J.: 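The following block contains the structure, expressed as structure tokens.
Everything numeric in this text was worked out from a predicted model, so none of it was measured.
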Amino acid sequence: MSPSTIVRRRPGRAARRPPARGGARPPLGAELPEVIDAAVGRTAASLPRDIDAGQAAYLVGAARRMREVFLAVQEGHLDAAGRVVNALLRESAARPRLDRAEGEPRQVHFHGSDDSFAAGCSASCATALALAVGGGLAGRLGVCRADRCDRVYVDTSRNAARRFCSTACQNRTKAAAFRARKG
């Protein structure tokens, strides 16, 4: 996310720029493709792994749109979430197909064999969001409720009661509430 991005927050909270994690500035420009390559798991072996500046910019834009889905779901706007997911599916040209690597079982992919890494990852993520929003699992999508965090998460807990992206954010929020009460 670039430093000039203003993020829409939950009702009752002011819009603000999300802070960079660990005090570091967000990656920009020429370093962005390298950071994306390091951050995205190597499980997408069926996609070419040459991430250039154009693909990095595409992924950043897709990530922003995907975040809109999480925000819309959290605010109870499922129709808006559905519209954004449909746009993501269209833009990424997501389509199911079966692939098989030598010596491996068939796998379902949601991108074409000649798609770029950015288009393939975006198509897979858009499909996952479509399955969540359209399959009754939208309530499992969330945005961290810690004051200085802008991460999204998928709640995999048994009772679907998650409110934070990590234990660190949960502990930080609870400690701040405790200090405020002690006052």
Side-chain angles (χ1 to χ4, degrees), residues 1-21 26-27 32 35-36 39-41 43-44 47 51 54-97 107-112 115-170 173:
M1 203 173 271
S2 76
S4 63
T5 303
I6 302 297
V7 177
R8 208 171 45 112
R9 299 300 291 183
R10 292 177 288 283
R13 296 180 90 173
R16 62 174 171 79
R17 231 180 263 148
R21 296 231 170 234
L32 189 57
V35 171
I36 289 173
V40 177
T43 57
L47 294 168
I51 303 170
Q55 287 190 56
Y58 181 92
L59 283 168
V60 168
R64 285 185 182 133
R65 300 287 307 278
M66 289 177 210
R67 188 171 197 288
E68 290 176 29
V69 174
F70 283 80
L71 284 168
V73 165
Q74 187 157 307
E75 294 170 1
H77 304 298
L78 293 181
D79 288 341
R83 285 190 294 276
V84 175
V85 168
N86 282 335
L88 283 164
L89 290 168
R90 254 189 328 274
E91 292 163 9
S92 66
R95 63 230 179 251
R97 74 184 178 95
Q107 296 177 339
V108 178
H109 294 280
F110 295 93
H111 55 81
D115 282 351
S116 70
F117 183 79
C121 283
S122 297
S124 296
C125 290
T127 302
L129 286 174
L131 291 170
V133 172
L137 298 172
R140 297 285 185 157
L141 305 178
V143 179
C144 185
R145 296 187 190 251
D147 280 338
R148 295 177 18 173
C149 184
D150 68 332
R151 288 186 173 176
V152 298
Y153 60 86
V154 177
D155 185 353
T156 59
S157 67
R158 285 185 182 204
N159 62 356
R162 187 170 173 181
R163 294 180 24 222
F164 300 96
C165 69
S166 66
T167 305
C169 278
Q170 180 180 7
T173 300

J.: Just do the side chain to side chain contact (heavy atoms under 4.5 Å, CB included) check on V69 and V133 with the steps written out, would you?
T.: CA-CA 9 Å; V69 174; V133 172; 4.0 Å; yes

J.: Could I get the full list of salt bridge (Lys or Arg N to Asp or Glu O under 4.0 Å) partners for R163, not counting sequence neighbours?
T.: none

J.: Rounded to the nearest 0.5 Å, how far does CG of L59 lie from CD1 of I36?
T.: 5.0 Å

J.: So which atom in C165 and which in C144 form the shortest heavy-atom distance, rounded to 0.1 Å?
T.: N-SG, 3.4 Å

J.: Excluding sequence neighbours, so at least two apart, what forms side chain to side chain donor-acceptor pair (under 3.5 Å) with N159?
T.: S157

J.: Between the main-chain N or O of D155 and the side-chain N or O of R162, is there a donor-acceptor pair closer than 3.5 Å?
T.: no

J.: Under 3.5 Å, is there a donor-acceptor pair between the side chain of Q55 and the main chain of A118?
T.: yes

J.: Could you walk me through whether T127 and L89 pass side chain to side chain contact (heavy atoms under 4.5 Å, CB included), step by step?
T.: CA-CA 7 Å; T127 302; L89 290 168; 3.9 Å; yes

J.: List the atom of H111, the atom of A123, and the distance in Å for their closest heavy-atom pair.
T.: CB-CB, 4.4 Å

J.: Measure the shortest side-chain to side-chain distance between V152 and L141 over non-hydrogen atoms and say whether it is less than 4.5 angstrom.
T.: no

J.: Between L71 and V143, which heavy-atom pair has the shortest distance, and what is it?
T.: CD2-CG2, 3.7 Å

J.: Distance check, rounded to the nearest 0.5 Å: F110 atom CZ versus D115 atom CG?
T.: 13.5 Å

J.: Taking R65 for the side chain and L88 for the main chain, is one N or O donor matched with an acceptor at less than 3.5 Å?
T.: no

J.: Between Y58 and S92, is there a side-chain heavy-atom distance shorter than 4.5 Å?
T.: yes

J.: If you look at every heavy atom in A138 and L78, which pair is closest and at what distance?
T.: CB-CD2, 3.8 Å

J.: Go through the structure and list residues passing side chain to side chain donor-acceptor pair (under 3.5 Å) with N86, not counting sequence neighbours.
T.: none

J.: Spell out, as yes or no, whether a donor-acceptor pair under 3.5 Å connects the side chain of R95 to the backbone of A93.
T.: yes

J.: Please check: side-chain N/O of Q74 versus main-chain N/O of G142, any donor-acceptor pairing under 3.5 Å?
T.: no

J.: Calculate, to the nearest 0.5 Å, the distance between atoms OG and OH belonging to S166 and Y153 respectively.
T.: 11.0 Å

J.: Quick one: does any side-chain atom of R67 pair with a main-chain N or O of D150 as donor and acceptor, under 3.5 Å?
T.: yes

J.: Given L129 and M66, is the side chain to side chain contact (heavy atoms under 4.5 Å, CB included) satisfied, shown in steps?
T.: CA-CA 8 Å; L129 286 174; M66 289 177 210; 3.7 Å; yes

J.: To check you understand the geometry: which heavy-atom pair defines the closest contact between V73 and G139, and what is its length?
T.: CG1-N, 4.5 Å

J.: Let's go through S122 and F117 carefully: what are the C-alpha distance in whole Å and the side-chain angles of both, what is the deciding distance for side chain to side chain contact (heavy atoms under 4.5 Å, CB included) to 0.1 Å, and is it a yes or a no?
T.: CA-CA 8 Å; S122 297; F117 183 79; over 6 Å; no

